[in-house]
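Have a look at the structure below before the remarks.
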Amino acid sequence: MTYLSPLGYLLGVEGAALLRGMRDGTGDRAYVEARIAEIRALLADPTLRDNAGLDAVPGNIDTAEVYDEWAAHYDGANSMIELEQPLVREILAALPVGTALDAACGTGRHAGYLAGLGHRVIGVDANARMLAVAEAKLPELDLRRGPLQALPLDADSVDLVVCALALCHAPDLAAVFAEFARVLRPGGHLVVSDPHQVLSYLRPTLPRAAGPDGRRSILVEYHRPLSAYLTAALPLGFQLRHCAEPHAPRPERTAVRPPMPTEVGWELLDQVPDAATVAMDVPSIVLLHLQLPAA
C-alpha cells in the first residue's frame with residue numbers, strides 16, 4: 001500500500017530543491033529562505049492541510065490496462081517523447097538500411113520513421129489497441145503482436161532493433177536483451193531509450209483507476225540505474241557505441257497559480273514553480289546505442 005499525499009509530494013519537491021541548491025552552490029540565503037517560507041505556506045494551506053490523501057495499491061492495475069486507455073491519445077503532446085524522439089532518430093539516420101524491428105512499437109512512431117529511411121520494418125507490440133492505431137497509420141508495415149521477452153521473429157532475422165520507452169515495463173531485463181541478441185544478425189545495432197531512474201524519484205506517482213477491490217491503483221514500473229542495462233547487454237556480446245542521459249526542458253512558470261489540485265499529479269508542480277524548476281532539472285531519459293560484433 002502507498003499513501004499518496006499532495007502535501008507530502010510538494011514538501012518532497014521543496015526538499016529536493018533545497019538539497020539541489022546547496023549541492024550546486026546556487027542556493028543563496030534568499031533562495032533558502034524563500035523555500036522555507038513556501039514550505040510554511042504549504043503547511044498552512046487549508047486545501048492541503050485538510051486533504052486526507054488516499055491509499056493506492058501498487059500492481060492493482062497492469063500495463064495492458066493502462067495502454068488500453070492511452071492508445072487513443074498516445075500520439076498527442078508528450079514532453080518525454082518530444083525529448084527522446086529526435087535523439088533516437090539522429091542515431092537511426094546514420095545506420096545502414098536493412099531490416100529493422102521496432103520492439104514495443106506502440107502506435108508506430110519510430111516504425112514509420114524507419115520505413116521512411118528505406119528499411120523493411122517489422123513492428124511488435126503486446127497491446128492490441130496500440131497496434132490497431134499503428135495499423136491504421138501504417139497499413140503497409142509488418143505489424144505483429146507479442147511480448148518483448150518472446151519476440152515473434154526468427155533468429156538472426158533483423159539488422160536493427162529499436163526499443164523506445166518500454167523497458168520500464170519489463171521485469172526481467174536480461175531476458176529482453178537476450179531476445180534482442182537472438183533476433184539480431186551479427187554486426188546488428190540496438191538502440192534503446194527508457195525513462196531515467198533519477199526522474200522516477202521526483203515525478204509524481206499517479207493514482208489510477210480503482211482495481212477489482214475498489215482501491216486506487218499504481219502502475220508498477222521498473223526504473224533502473226544505467227549499470228543495469230549494461231549488465232544485461234555486455235555478457236551477450238553487445239558493444240557500447242553511444243550513451244546519453246538528456247535533461248528535459250525546465251518546466252515553464254505560470255504567471256498565476258491555478259487552483260490547488262486535490263490529488264497527486266503533475267499539476268501540483270504549478271504550485272511551487274521555483275522549487276520545481278530546480279528539483280526537476282535532472283536526466284529524463286537514458287539512451288543507448290549498442291552493437292553486436294560482426295561475424
Side-chain angles (χ1 to χ4, degrees), residues 63-64 66-67 70-71 73-95 99-117 119 121-127 129-131 133-135 137-138 141-149 151 153 158-171 173 176-177 179-181 183-184 188-197 199-200 203 219 221-224 226 228-230 232-233 238 240-248 283-291:
T63 305
V66 172
Y67 277 91
W70 283 351
H73 54 84
Y74 188 81
D75 289 335
N78 184 315
S79 60
M80 184 166 287
I81 288 176
E82 290 166 6
L83 174 66
E84 178 261 7
Q85 189 161 283
L87 298 174
V88 169
R89 291 184 176 183
E90 182 180 0
I91 296 172
L92 298 180
L95 298 179
T99 300
L101 167 65
D102 187 354
C105 66
T107 60
R109 61 190 181 91
H110 286 312
Y113 179 73
L114 288 165
L117 291 175
H119 292 273
V121 180
I122 302 167
V124 173
D125 201 274
N127 187 274
R129 291 189 183 179
M130 296 286 280
L131 274 179
V133 176
E135 287 168 352
K137 290 164 43 180
L138 304 163
L141 297 191
D142 180 356
L143 299 175
R144 309 175 187 181
R145 189 175 179 188
L148 287 174
Q149 67 273 19
L151 294 167
L153 282 83
V158 299
D159 304 291
L160 165 65
V161 175
V162 180
C163 185
L165 302 178
L167 292 177
C168 59
H169 302 304
L173 200 59
V176 175
F177 272 87
E179 276 293 275
F180 295 157
V183 303
L184 276 169
H189 295 265
L190 171 62
V191 180
V192 168
S193 66
D194 216 25
H196 201 286
Q197 184 184 42
L199 179 65
S200 73
R203 70 185 190 184
L219 176 65
E221 297 178 283
Y222 304 91
H223 297 289
R224 301 172 168 102
L226 179 58
Y229 301 92
L230 298 179
F238 282 106
L240 183 63
R241 300 299 183 214
H242 178 70
C243 175
E245 298 173 279
H247 291 221
S284 303
I285 292 166
V286 57
L287 177 63
L288 297 170
H289 173 199
L290 301 136
Q291 185 179 14

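These numbers come from a predicted model, not from an experiment.
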* Asked: How about L148 and H169: do any of their side-chain heavy atoms sit closer than 4.5 Å?
  -> no
* To do: Report the C-alpha separation of L199 and M80 in whole Å, then their side-chain angles, then the decisive distance to 0.1 Å, and conclude whether the side chain to side chain contact (heavy atoms under 4.5 Å, CB included) test is met.
  => CA-CA 11 Å; L199 179 65; M80 184 166 287; 3.6 Å; yes
* **Closest approach of A71 to M130 (non-hydrogen atoms, all atoms of both residues)** => CA-SD, 3.5 Å
* Which atom of P147 lies closest to which atom of A126, heavy atoms considered -> CA-CB, 4.4 Å
* Please list, chain by chain and in numerical order, all residues satisfying salt bridge (Lys or Arg N to Asp or Glu O under 4.0 Å) with R144, sequence neighbours excluded. => D142
* To do: State whether the side chain of D125 and the backbone N or O of G106 hold a donor-acceptor pair below 3.5 Å, judged by distance alone.
  => yes
* Nearest heavy-atom pair of L138 and A111: which atoms, and what distance? -> CD1-CB, 4.4 Å
* Side chain of D194, backbone of V286: donor and acceptor closer than 3.5 Å? -> no
* Between E84 and A164, which heavy-atom pair has the shortest distance, and what is it? -> OE2-CB, 3.3 Å
* What is the distance from atom NE2 of H289 to atom CG of L160, rounded to the nearest 0.5 Å? -> 8.0 Å
* Structure fact -> Applying ring pair (Phe, Tyr, Trp, His ring centres under 6.0 Å) to Y74 and not counting sequence neighbours gives none
* Asked: Just wondering, do D75 and K137 contact through their side chains at under 4.5 Å, heavy atoms?
  -> yes
* **Residue of the set V121, V158, L190, L114 for which side-chain contact (heavy atoms from CB on, under 4.5 Å) holds with L101** => V158
* To do: Check whether any side-chain heavy atom of V124 lies under 4.5 Å from a side-chain heavy atom of D102, and answer yes or no.
  => no
* Find out whether H110 and R89 are in side-chain contact, i.e. whether some heavy atom of one side chain is under 4.5 Å from a heavy atom of the other. => yes
* Asked: Is there a donor-acceptor contact under 3.5 Å from the side chain of S193 to the main chain of L165?
  -> yes
* Using the side-chain contact (heavy atoms from CB on, under 4.5 Å) rule, pick out the option among V192, I285, I81, L287 that qualifies with V88. => L287
* How many angstroms lie between CG in L131 and OH in Y67, if you round to the nearest 0.5 Å? -> 12.5 Å
* In Å and rounded to the nearest 0.5 Å, what is the CD to CD distance from E245 to Q197? -> 10.5 Å
* Would you give the length of the straight line joining atom CZ of F238 to atom CG of L184, rounded to the nearest 0.5 angstrom? => 5.0 Å
* Structure fact -> CG (L95) and CG (D159) are apart, to the nearest 0.5 Å, by 10.5 Å
* To do: Please name the pair of heavy atoms, one in V176 and one in A170, separated by the smallest distance, quoted to 0.1 Å.
  => CG2-CB, 3.9 Å
* Greater than 12 external heavy atoms within 6.0 Å of E90's CD -> no
* To do: Spell out, as yes or no, whether a donor-acceptor pair under 3.5 Å connects the side chain of E179 to the backbone of L151.
  => yes
* About how many Å separate CD of Q85 and CG of L83, when rounded to the nearest 0.5 Å? -> 11.0 Å
* Please tell me if the side chains of F177 and L290 come closer than 4.5 Å, counting only heavy atoms from C-beta onward. => yes
* **Heavy-atom pair with the smallest gap, counting every atom of H223 and P195** => CE1-CB, 3.9 Å
